[in-house]
Visitor: 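Before anything else, here's the structure in question.
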Amino acid sequence: MEIDLRSSSSTSRGRFIKTKPSKKNSIDLIINGNSFIERNLEVINGATHFIMLHTYIFEDDEVTTPVVNALACAAERGVSVYVLLDAFGSQEFSDKARRSLIESGVNFAYFTPFFHFYRLARRMHQKVLIADNTQCIIGGINLAKRFNSPTTENPWLDYSVFVQGEEVHNIYLKIVRHYLKYFSHKKDELQSFKAYSHQVSDQVVIKTIENDWGFRYREVTRSYYNAIDTAQDEIVILATYFLPGKRLLNLLQKAAKRGVKVTLIFSAMSDHAIVHACEEYFFKWYLKAGFEVYLWDQSMVHGKIALIDDNWTTVGSYNHNYLSKYGNCEINCEVINKAFRNTVKEELNRVISNSKKINIADINKTFRYSQYLSFFLLNFLTLFSLIFLYRQSDEDKESILR
């Protein structure tokens, strides 16, 4: 199978933008749990020049307090530290923790505070930690005890990647525009970070891709479409809040008809009952289309990961629904590498072997109307929020440093 990872282009108010994959990288898969927190601490404690952290949910508790303390210590030893948290997702981040960071010299801000009503539907859903343009953690894992290390349950099934190499510099170029907006008084310092770069010898092809309707970026969506449309043997998608649009469904169905094995992995439970009902609404259609559907019941599923054929994988924050497609700021790493693909395949096989395979007989037809109603209502509310609560501002129309 050949996947097109050549330079892609788009326009933003007449400005031509190019991105291309990087080849000199190393990449490791991170499975949610204590190891994720430990890897964050390693990156923060090893930084010597700058740290940039932005995420959707950050809750200061006994599991994440070491991360808060490490950020403060980094600032105190002279590292330039920037923290940008989504105002909606990180409501539980305490004023005490925020003040301690600011007092230590950390540059701190909230993405889209609530008083910006006309942009309330645009959320910072990316999860990125970058240090010195040499190391980066990027993916779908939030920072909170209830996700990473709950007391009586397993960690949520979720994934990120640890990247070293030239792609880290490209990630910086993609994310810095958010920091230039919220820390405009630090523009010169933020732009100076561009000078830092690092390469490693491993030949892993990585391309960092975004969805951000404010900038008309739909790279993650199109990446999925392209990979599925050219799939020849196998498609495996582990997902949550999976409410696919008509085009994605058509591409998956066409793949199955030409002999591609399509496997979908979802959660047997959910933190949003209405979304879970909407997901179940599609189950009968999936089975009739010839897909295999599995439900993981060991914990909540929050991962956003997929593999196609023998060398294509993607890991990130992007969900297959209207919010990720048109509202949120999302970011994924698209990887062309057989060794990494095999690592992901081994993990997904582990999940499948511990999941329940769904059959037509398992579907309770009496709930089909309630599922349809949930699907209709949720999509209506989502579209309402996107239309009426997200107006593109002038600040969103220009890309910086690209």
Visitor: Assign the ring pair Tyr196 / Phe193 to parallel, tilted or perpendicular, where the plane angle (0 to 90°) is split at 30° and 60°.
Guide: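 Tyr196 vs Phe193 ring planes: tilted.
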Visitor: Dump the intermediate steps for side-chain contact (heavy atoms from CB on, under 4.5 Å) on Met52 and Val81, then the final yes or no.
Guide: CA-CA 6 Å; Met52 301 166 75; Val81 181; over 6 Å; no
Visitor: Does Val220 offer a backbone N or O that forms a donor-acceptor pair with the side chain of Asn332 under 3.5 Å?
Guide: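 Side chain of Asn332 to backbone of Val220, a donor-acceptor pair under 3.5 Å: no, none is there.
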Visitor: Are Leu287 and Val293 packed together at the side-chain level, in the sense that at least one heavy-atom pair is separated by less than 4.5 angstrom?
Guide: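 They are in contact (side-chain heavy atoms under 4.5 Å apart), so the answer is yes.
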Visitor: Taking Asp86 for its side chain and Met124 for its backbone only, find out whether a donor-acceptor pair lies under 3.5 Å.
Guide: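 Between the backbone of Met124 and the side chain of Asp86 there is a qualifying donor-acceptor contact (under 3.5 Å).
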Visitor: Would you compute the distance between atom CG of Asn359 and atom CD of Glu292 and round it to the nearest 0.5 angstrom?
Guide: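 Reported value, rounded in 0.5 Å steps: 9.5 Å.
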Visitor: Would you tell me whether Thr65 and Asp60 have side-chain atoms, one donor and one acceptor, within less than 3.5 Å of each other?
Guide: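 No.
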Visitor: Could you check whether any side-chain heavy atom of Phe340 comes within less than 4.5 Å of a side-chain heavy atom of Leu307, counting everything from C-beta outward?
Guide: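 In short, these two side chains do not touch, never coming nearer than 4.5 Å.
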Visitor: Please walk me through it: do Thr134 and Gln164 pass side chain to side chain donor-acceptor pair (under 3.5 Å)?
Guide: CA-CA 6 Å; Thr134 62; Gln164 292 179 291; over 6 Å; no
Visitor: Using a distance-only test with no angle check, is there a side-chain donor-acceptor pair under 3.5 angstrom linking Ser104 and Glu76?
Guide: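 Yes, Glu76 and Ser104 have a side-chain donor paired with an acceptor closer than 3.5 Å.
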Visitor: I need the minimum non-hydrogen distance between Ala75 and Val106, along with the two atoms involved.
Guide: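 Where Ala75 meets Val106 most closely, the heavy atoms are CB-CG2, 3.7 Å.
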Visitor: Going from CG on Asn211 to OG on Ser324, what distance comes out if it is rounded to the nearest 0.5 angstrom?
Guide: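 These two atoms lie 7.5 Å from each other.
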Visitor: Does any donor atom in the side chain of Asn34 or Asn148 lie under 3.5 Å from an acceptor atom in the other side chain?
Guide: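 No.
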Visitor: State whether a side-chain donor-acceptor pair under 3.5 Å links Asn349 with Glu346.
Guide: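 The criterion, which ignores hydrogens and geometry beyond distance, is not satisfied for Glu346 and Asn349.
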Visitor: Do you know the tightest heavy-atom contact between Ile171 and Cys136?
Guide: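 Heavy-atom minimum between the residues: CD1-SG, 3.8 Å.
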Visitor: Using modelled atom types only, decide if a donor and an acceptor are shared between the side chain of Asn142 and the backbone of Ile57 within a distance under 3.5 Å.
Guide: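 Indeed, once roles are kept as given, a pair shorter than 3.5 Å links the two residues.
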Visitor: Apply salt bridge (Lys or Arg N to Asp or Glu O under 4.0 Å) to residues Arg341 and Glu234 and explain how you reach the verdict.
Guide: CA-CA 12 Å; Arg341 180 266 184 196; Glu234 179 182 32; 3.1 Å; yes
Visitor: Run the ring pair (Phe, Tyr, Trp, His ring centres under 6.0 Å) test on His302 and Tyr159 for me, step by step, so that the C-alpha distance in whole Å, both residues' side-chain angles and the decisive distance to 0.1 Å come before the verdict.
Guide: CA-CA 8 Å; His302 194 256; Tyr159 304 94; over 10 Å; no
Visitor: Under a 3.5 Å distance rule, please check whether Asp132 uses its side chain to pair with a backbone N or O of Thr48 as donor and acceptor.
Guide: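 Side chain of Asp132 to backbone of Thr48, a donor-acceptor pair under 3.5 Å: yes, one is there.
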Visitor: Using every non-hydrogen atom in the two residues, find where Tyr241 and Asn321 come nearest and quote the distance to one decimal.
Guide: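 Nearest pair, atom of Tyr241 first, then Asn321: O-ND2, 3.0 Å.
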Visitor: Nearest 0.5 Å please: distance from the CD1 atom of Ile206 over to the OG1 atom of Thr314.
Guide: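 One finds 11.0 Å between CD1 of Ile206 and OG1 of Thr314.
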Visitor: Any luck finding a side-chain donor-acceptor pair between Glu167 and Thr208 under 3.5 Å?
Guide: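 Yes.
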Visitor: Work out which heavy atom in Ile130 is nearest to a heavy atom in Asn133; give both atom names and the distance.
Guide: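 So the two residues come closest at CD1-OD1, 3.6 Å.
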Visitor: Can you find a pair of side-chain heavy atoms, one from Thr64 and one from Phe58, that are under 4.5 Å apart?
Guide: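 They are in side-chain contact.
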Visitor: Could you walk me through whether Ser223 and Asn226 pass the side chain to side chain donor-acceptor pair (under 3.5 Å) check?
Guide: CA-CA 5 Å; Ser223 172; Asn226 177 61; over 6 Å; no
Visitor: Just wondering, do Leu71 and Leu101 contact through their side chains at under 4.5 Å, heavy atoms?
Guide: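 With C-beta onward as the side chain, the pair touches.
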Visitor: Using atom types as modelled and distance alone, determine if a side-chain donor or acceptor of Lys186 lies under 3.5 Å from a backbone N or O of Leu190.
Guide: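 No; judged by distance alone, with no hydrogens or angles, the pair does not exist.
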Visitor: Apply the test side-chain contact (heavy atoms from CB on, under 4.5 Å) to residues Val236 and Ile305: give CA-CA distance (whole Å), side-chain angles for both, the deciding distance (0.1 Å), then the verdict.
Guide: CA-CA 8 Å; Val236 184; Ile305 188 169; over 6 Å; no
Visitor: Decide whether Ser22 and Asn25 meet the rule of one side-chain donor and one side-chain acceptor closer than 3.5 Å.
Guide: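 No.
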Visitor: So which atom in Arg258 and which in Asp229 form the shortest heavy-atom distance, rounded to 0.1 Å?
Guide: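 Arg258 and Asp229 have their closest heavy atoms at NH2-O, 3.1 Å.
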Visitor: Would Arg177 and Glu210 pass as an ion pair if we require N to O under 4.0 Å?
Guide: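 Yes, Arg177 and Glu210 are salt-bridged.
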Visitor: Do you see a donor-acceptor pair shorter than 3.5 Å between the side chains of Thr221 and Tyr318?
Guide: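 Yes, side-chain donor-acceptor contact under 3.5 Å.
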Visitor: Do the non-hydrogen side-chain atoms of Val161 and Ile30 ever get within less than 4.5 Å of each other?
Guide: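 They are not in side-chain contact.
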Visitor: Does a side-chain heavy-atom distance below 4.5 Å link Ser160 with Phe36?
Guide: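 Ser160 reaches Phe36 side chain to side chain.
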Visitor: Mind checking whether Phe93 and Phe108 have parallel, tilted or perpendicular rings, split at 30° and 60°?
Guide: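 Phe93 vs Phe108 ring planes: parallel.
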Visitor: Just by modelled atom types, is the Leu85 backbone N or O under 3.5 Å from a matching donor or acceptor in the Ser90 side chain?
Guide: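 It does not hold such a pair.
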Visitor: Would you check if the distance from the ring center of Phe50 to the ring center of Tyr82 is below 6.0 Å?
Guide: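 So the answer is no for these two rings.
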Visitor: CZ/Phe242 to NE2/His320 distance, rounded to the nearest 0.5 angstrom?
Guide: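 Spacing of CZ (Phe242) from NE2 (His320) equals 5.5 Å.
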Visitor: Ring-plane angle category for Tyr286 and Phe291, please: parallel below 30°, perpendicular beyond 60°, tilted otherwise.
Guide: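 Taking Phe291 first and then Tyr286, their aromatic rings lie parallel (interplane angle under 30°).
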Visitor: In Å and rounded to the nearest 0.5 Å, what is the CG to CG distance from Asn354 to Asp297?
Guide: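 With rounding to 0.5 Å, CG (Asn354) is 9.0 Å from CG (Asp297).
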Visitor: Distance under 6.0 Å and angle within 45° of the ring axis: does Arg123 meet both against Phe88?
Guide: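 Not flagged: Arg123 not positioned over aromatic ring of Phe88.
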Visitor: Do Tyr179 and His54 have a side chain donor and acceptor closer than 3.5 Å?
Guide: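 Side chains of Tyr179 and His54: pair found under 3.5 Å.
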Visitor: Side chains of Ile228 and Ile308, heavy atoms from C-beta outward: is any pair under 4.5 Å?
Guide: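 They are in side-chain contact.
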Visitor: With heavy-atom distances below 4.5 Å as the criterion, would you say the side chains of Ile138 and Lys127 are in contact?
Guide: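 They are not in contact (no side-chain heavy atoms under 4.5 Å apart), so the answer is no.
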Visitor: Between Lys304 and Asn319, is there a side-chain donor-acceptor contact under 3.5 Å, judged purely by atom types and distance?
Guide: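 Side-chain D/A pair, Asn319 to Lys304: present.
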Visitor: Can you confirm whether the side chains of Glu330 and Ser317 place a donor and an acceptor under 3.5 Å from each other?
Guide: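 Yes, because at least one side-chain N or O of Glu330 sits under 3.5 Å from a partner of the opposite role on Ser317.
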Visitor: Do the side chains of Arg146 and Glu59 get close enough for a salt bridge, i.e. N-O under 4.0 angstrom?
Guide: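 Yes, this pair counts.
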Visitor: Between Thr112 and Tyr182, is a side-chain contact (heavy atoms from CB on, under 4.5 Å) present by the stated rule, with each step listed?
Guide: CA-CA 10 Å; Thr112 312; Tyr182 286 93; 3.6 Å; yes
Visitor: Where do Cys329 and Phe111 come nearest, in terms of heavy atoms and distance?
Guide: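 Of all heavy-atom pairs spanning Cys329 and Phe111, the closest is SG-CZ, 3.9 Å.
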Visitor: Would you check if there is a donor-acceptor pair between the side chains of Gln253 and Trp285 at a distance under 3.5 Å?
Guide: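 Looking only at side-chain atoms, Gln253 and Trp285 do not form any donor-acceptor pair under 3.5 Å.
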Visitor: Test side-chain contact (heavy atoms from CB on, under 4.5 Å) on Glu189 and Ser80 and set out the steps.
Guide: CA-CA 9 Å; Glu189 180 178 69; Ser80 297; 2.8 Å; yes
Visitor: Are the side chain of Asn32 and the backbone N or O of Phe147 linked by a donor-acceptor pair below 3.5 Å?
Guide: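 Yes; at least one donor-acceptor contact below 3.5 Å.
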Visitor: Roughly how far, to the nearest 0.5 Å, is CZ of Phe266 from CG of Leu157?
Guide: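 Rounded to the nearest 0.5 Å, the CG-CZ separation comes to 13.5 Å.
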Visitor: Answer yes or no: is there an ion pair linking Lys174 with Glu219, defined by an N-O contact shorter than 4.0 Å?
Guide: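 Looking at Lys174 and Glu219, the cut-off is met.
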